[in-house]
Amino acid sequence: MSIYAESLLPRLLLGFVCLGLTWLACAAIGGRFWMASALMGMSVALYGLAAPWFFVGSGRPRDLFLYDTLPRVVGSVGGAAVCFLFPSPVLYAFVQILSVLVVILSSTRCICHNPRQLHLGRFSDALRRLASNRSAVGMSLIASLFFAFPLILVGAIEPSAKLEFALADRIQKWSNTGASPVVQTLQGWIPSGGRVRSRARKGLFSAFLVAASGSAFLCLLGGRLAILMSQNSVSISWGTQSAMAIIFGCVLVSNVSGAGVLAALGESRGMLVSTLFGALIGLALIVPLLIAFGAAGAMWAVAVSQVLVVLVQLELVRRSLDGRC
């Protein structure tokens, strides 16, 4: 509980910074949908106050599912239902904010039992903790920027490819959200029990099995999902579909190899290096591939970057595990 309490003020500081930057960016480039974009950005920033890291680090996969994953999945499904009944991106964003607030309150209640006894601590201590965890903070910031930047680039450089790219991007992200109970269970199971080396290998093998199954599903049926979701108004090419499947699998594996294995082995800096390397390569590839091949090229640029992230992380895991033999 003390670790969780000590982390609150640093995370609040980061949350306020992210909220401010989100509102400024959405007001500048969001167009007529800037309010919905800003609210969705707010839901992402607020999630930084949640506690999946605490449940993962303390080896509590059940609590991770009940108090984090389940409310977010319900929020995604509920938001889709609200959009179907009352087509409004603003309403969908409000539902996401509500689900994140449920996650924060229920997680805090589970960890602290009596949230009124929480003390935020001193501002100087919060800054010192942020500095000591700069690798993890940097990785999160880079991942968040790369999470949204490709869609912004596609819209700015090749507007005709935006709908196809955005739809494929949404299917991939929703698919990874759907697989998050499995991912978070593995993240919580690997560091628990004091057998990190043995569990790391088994956890990675399980992650590869789930990633391969999900990627095969998206590769075969991703196009039909796109037609269904867009009510037959937008289709995605085979090139976009196959890249989308690869991205899904790589994101799933990297979530386990990074937050599940490298963090448990004390290699948090490796997560920053792999994420930065993948993001730089992806950003270098996305513009030329977008111009040459449209939405499929942009999606393949992201796929290549995610493959590189996984390869770097697996090499770091191998070295770390060999060093523990």
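Atom set for the values below is all heavy atoms of this structure, side chains included, hydrogens, waters and symmetry mates excluded.
- Of all non-hydrogen atoms in Ala298 and Val154, the two that sit nearest each other are CB-CG2, 3.8 Å.
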Side-chain donor-acceptor pairs under 3.5 Å in residues 41-52, sequence neighbours left out?
residue, atom, partner, partner atom, Å
Ser43, OG, Met40, O, 2.6
Tyr47, OH, Asp68, OD1, 2.8
Tyr47, OH, Asp68, OD2, 3.0

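- A donor-acceptor pair under 3.5 Å links the side-chain atoms of Gln241 to the main chain of Cys219, judged by distance alone.
- Residues Ser107 and Cys110 have side chains not in contact (no heavy-atom distance under 4.5 Å, counting atoms from C-beta outward).
- The closest donor-acceptor contact from the side chain of Gln96 to the backbone of Gly75 lies under 3.5 Å.
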Go through the steps for Ser320 and Val317 under the test side-chain contact (heavy atoms from CB on, under 4.5 Å), then give the verdict. CA-CA 5 Å; Ser320 184; Val317 169; 5.8 Å; no
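- Connection of Tyr92 to Leu167 is established within a shared hydrophobic cluster, with ILVMFWY side chains joined at heavy-atom distances below 4.5 Å, either directly or through further cluster members.
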As a quick check of understanding, evaluate side-chain contact (heavy atoms from CB on, under 4.5 Å) for Ser206 and Leu186, giving each step before the final call. CA-CA 8 Å; Ser206 300; Leu186 291 172; 4.2 Å; yes
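- Closest heavy-atom contact between Gly294 and Ala161: C-CB, 4.2 Å.
- Here Glu315 pairs with Arg319 in a salt bridge; the nearest charged N to carboxylate O distance falls below 4.0 Å.
- When only modelled atom types and interatomic distance are considered, Ser257 and Ser254 share no side-chain donor-acceptor pair under 3.5 Å.
- A continuous path of Ile, Leu, Val, Met, Phe, Trp and Tyr side chains, each step under 4.5 Å between heavy atoms, connects Phe165 with Leu283, placing both in one hydrophobic cluster.
- Taking hydrophobic clusters as Ile, Leu, Val, Met, Phe, Trp and Tyr residues chained together by side-chain heavy-atom distances below 4.5 Å, Leu321 shares a cluster with Phe208.
- Rounded to the nearest 0.5 Å, atoms CD1 (Ile236) and CG (Leu225) are 8.0 Å apart.
- By the side chain to side chain contact (heavy atoms under 4.5 Å, CB included) test, Ala243 is found to be paired with Met299, Trp300, Ala303, residues two or more places apart in sequence or in another chain being considered.
- Across Ser235 and Glu164, no two heavy atoms sit closer than the pair O-CG, 3.7 Å.
- Within the 3.5 Å criterion, the main-chain N or O of Arg72 finds no donor-acceptor partner in the side chain of Ser99.
- With contacts defined as side-chain heavy-atom distances shorter than 4.5 Å, the pair Tyr67/Val103 does not qualify.
- Of all the heavy atoms in Val309 and Gly278, the pair that sits closest is CG2-CA, 3.8 Å.
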Only distances under 3.5 Å count here; give the side-chain donor-acceptor pairs of residues 12-21 to other protein atoms, sequence neighbours excluded, each with its distance to 0.1 Å.
none

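- Residue Asn255 holds its CG atom at 8.5 Å from CD of Gln313, rounded to the nearest 0.5 Å.
- The nearest pair of heavy atoms linking Ala207 to Val253 is O-CG2, 4.1 Å.
- Follow the hydrophobic side-chain contacts under 4.5 Å out from Leu316 and you reach Leu265 in the same cluster.
- By the criterion of side-chain heavy atoms lying less than 4.5 angstrom apart, applied directly or through intervening Ile, Leu, Val, Met, Phe, Trp or Tyr residues, Leu276 is not grouped with Leu311; the two fall into different hydrophobic clusters.
- Atoms CG and OG1, on Leu280 and Thr275 in that order, are 10.5 Å from each other to the nearest 0.5 Å.
- How far CG of Leu209 is from CG of Leu204: 11.0 Å, rounded to the nearest 0.5 Å.
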Kindly indicate, with the supporting measurements, whether the criterion side-chain contact (heavy atoms from CB on, under 4.5 Å) is fulfilled by Phe65 and Ser180. CA-CA 9 Å; Phe65 174 76; Ser180 59; over 6 Å; no
Does the side-chain contact (heavy atoms from CB on, under 4.5 Å) test come out yes or no for Ser175 and Leu218, once each step is laid out? CA-CA 9 Å; Ser175 299; Leu218 287 178; 3.6 Å; yes
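- Separating the CZ atom in Phe248 from the CG atom in Leu252 is a distance of 5.0 Å, to the nearest 0.5 Å.
- Once rounded to the nearest 0.5 Å, the distance linking CG of Leu314 with CG of Leu262 reads 8.5 Å.
- Closest non-hydrogen pair, Ala200 versus Val261, comes out as CB-CG1, 3.8 Å.
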